[in-house]
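Remarks on the structure that follows.
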Amino acid sequence: MNAVYENGKILLSADASIFNLAQTLECGQCFRWECAEDGAWHGVSSGKALRVRQTEQQIIFEGTTEEEFQTFWSDYFDLNTDYERIHKKLCERNAALRLAAVSASGLRILRQEPWETLCSFILSQNNNIPRIKKIIETLCSCFGEKLPGGEYSFPSAEVIAELSEEDLSPIKCGFRSKYLLDAAKKIAEGKFDLHAIEMMPTEEARKMLTMLRGVGPKVAECVLLYGFHRLEAFPVDVWMTRAMTGLFPGESPDSFGEYAGIAQQYIYYYSRLHPELFSGDAPETSTSKEIGALS
DNA sequence: GTCCAGGATCGGA
DNA sequence: TCCGATCATGGA
């Protein structure tokens, strides 16, 4: 993708069918992006704040520099991966996956910071997205560092490791606080090397992550996919279970191949877009008939 | 009041 | 190995 620097902004030529901000930032992979009334998205990652918005032909990045864009945001938004090719490949699998894929063709898997991703998905268990976002926002404003623009960074493992359950009570994360503290202490004390996951085969990385308390199969898959960009990871939550039953009856999650994680995001996005189709007592609609006709 | 949410853990069958 | 209860919290 072609990016030019102009008047303090980065202008990236991109069609929404290839890079769609709303699809990317609202698909449940990240929790620190908010859309303002003017349509611009505001977010923070690795202690850097950004405003970004989408027009007909462009993605416009503001509040960053050319240097920071090239060395950080370009990687964060995974601009060097050819999603057009992957999307096409997944569309060829079958009609059900094509249905999901076309609903989210501009979705990209962000390359998020592993520690923040681990914490976020520990906090996600048995919880809903609006509340997860609220908890993380409060965690950052209470214990993160204030950035020049007034935003807060995500607190490091070392900072959280020094806290008690009582210290964490304002963030109202309930029973998850002990999991958060346990992970922070193990990592801060060097008993768990999160950085080492980067070099591990995915299967070994899975086992390693689930050794942390509060990290089961689902959370581990999310950390692998969103924090370590293992595109073969395939998280299954209650939404995915319903969507799999409806769209891919009898099929195993590991039948989706090397880009299973992206397929999973298409399916997840599609199921959230049409919750009525997978609720069990769905009324008969043209789309549900279409789904029924697939199998 | 009940049910549910990007689940994991625990004890008992 | 499998299954159900339980875990905080808040919105629907």
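Excluded from the calculations below are hydrogen atoms, water molecules and symmetry mates; all remaining heavy atoms, backbone and side chain alike, are included. Chain A is the first sequence line, chain B the second, and so forth, proteins listed ahead of strands; every chain is numbered from 1.
Between the side-chain ring of A:Phe121 and the base of B:dG6, no stacking contact exists by the 5.5 Å and 30° definition.
Whole-Å rounding puts the A:Tyr268 OH to B:dA5 P distance at 10 Å. Look at CD1 on A:Ile267: it is 17 Å from P on B:dG6, rounded to the nearest Å. As a whole-Å value, the separation of A:Gln264 CD from B:dG6 C1' is 9 Å. In this structure, the CG atom of A:Asn128 is 16 Å from the C1' atom of C:dC7, given to the nearest Å. Between A:Lys178 atom NZ and B:dA8 atom C1' there is a gap of 10 Å when expressed in whole angstrom units. One atom, CG of A:Asp182, and another, P of B:dT9, lie 10 Å apart when rounded to the nearest Å. In this structure, A:Phe175 places its CZ atom 8 Å from C1' of B:dA8, rounding to the nearest Å. A:Arg131 places its CZ atom 12 Å from the P atom of B:dG7, with the value rounded to the nearest Å.
With 3.5 Å as the limit, one finds no donor-acceptor pair spanning the side chains of A:Arg108 and A:Thr24.
Partners of A:Asp75 under the salt bridge (Lys or Arg N to Asp or Glu O under 4.0 Å) rule, at least two apart in sequence or in another chain, are A:Arg111.
Within a heavy-atom distance below 4.0 Å of DNA chain B, the residues of residues 209-222 of chain A found are A:Leu212, A:Arg213, A:Gly214, A:Val215, A:Gly216, A:Pro217, A:Lys218, A:Val219.
Spacing between C:dG11 and B:dG1 at atom C1', rounded to whole Å, works out to 14 Å. Comparing the C1' positions of B:dC4 and C:dC7 gives an interatomic distance of 15 Å, to the nearest angstrom. Annotation: B:dA8 and C:dG10 have their P atoms spaced 22 Å apart (nearest Å). The P atoms of C:dT6 and B:dT2 are separated by 14 Å, rounded to the nearest whole Å.
As judged by a 4.0 angstrom heavy-atom cut-off over every strand, A:Cys30 is placed among residues making no nucleic acid contact. Among the atoms of the strands shown, none is found under 4.0 Å from any heavy atom of A:Glu165.
A donor and an acceptor atom sit less than 3.5 Å apart, one in the side chain of A:Tyr226 and one in the base of B:dG6.
At the phosphate of B:dA5, OP1 or OP2 sits under 4.0 Å from a side-chain N or O atom of A:Arg242. Checking the phosphate oxygens (OP1, OP2) of C:dT9, no side-chain nitrogen or oxygen of A:Arg176 falls inside 4.0 Å.
Within a 6.0 Å radius of NZ in A:Lys186, more than 12 heavy atoms belonging to other residues, nucleotides or ligands are found.
Taking every side-chain heavy atom of A:Asn126 into account, B:dG7 is the closest of B:dG6, B:dG7, B:dT9. Of the candidates B:dG7, C:dG10, B:dG6, B:dG6 carries the atom nearest the A:Ser124 side chain, counting heavy atoms from C-beta on.
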Going through the checks in order, is the side chain to side chain donor-acceptor pair (under 3.5 Å) test met by A:Tyr226 and A:Gln265? CA-CA 11 Å; A:Tyr226 311 130; A:Gln265 280 305 100; 2.6 Å; yes

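Both tests pass for A:Lys48 against the ring of A:Phe72: distance under 6.0 Å to the centre and angle within 45° of the axis.
In this pair, A:Phe19 and A:Phe77 present their aromatic rings tilted. The plane angle is within the 30 to 60° band.
Among residues at least two apart or in separate chains, there is no ring-ring contact (aromatic ring centres under 6.0 Å, His included) pair with a member in residues 90-110 of chain A.
For A:His274 and A:Phe278, the ring centers sit 6.0 Å or farther from each other.
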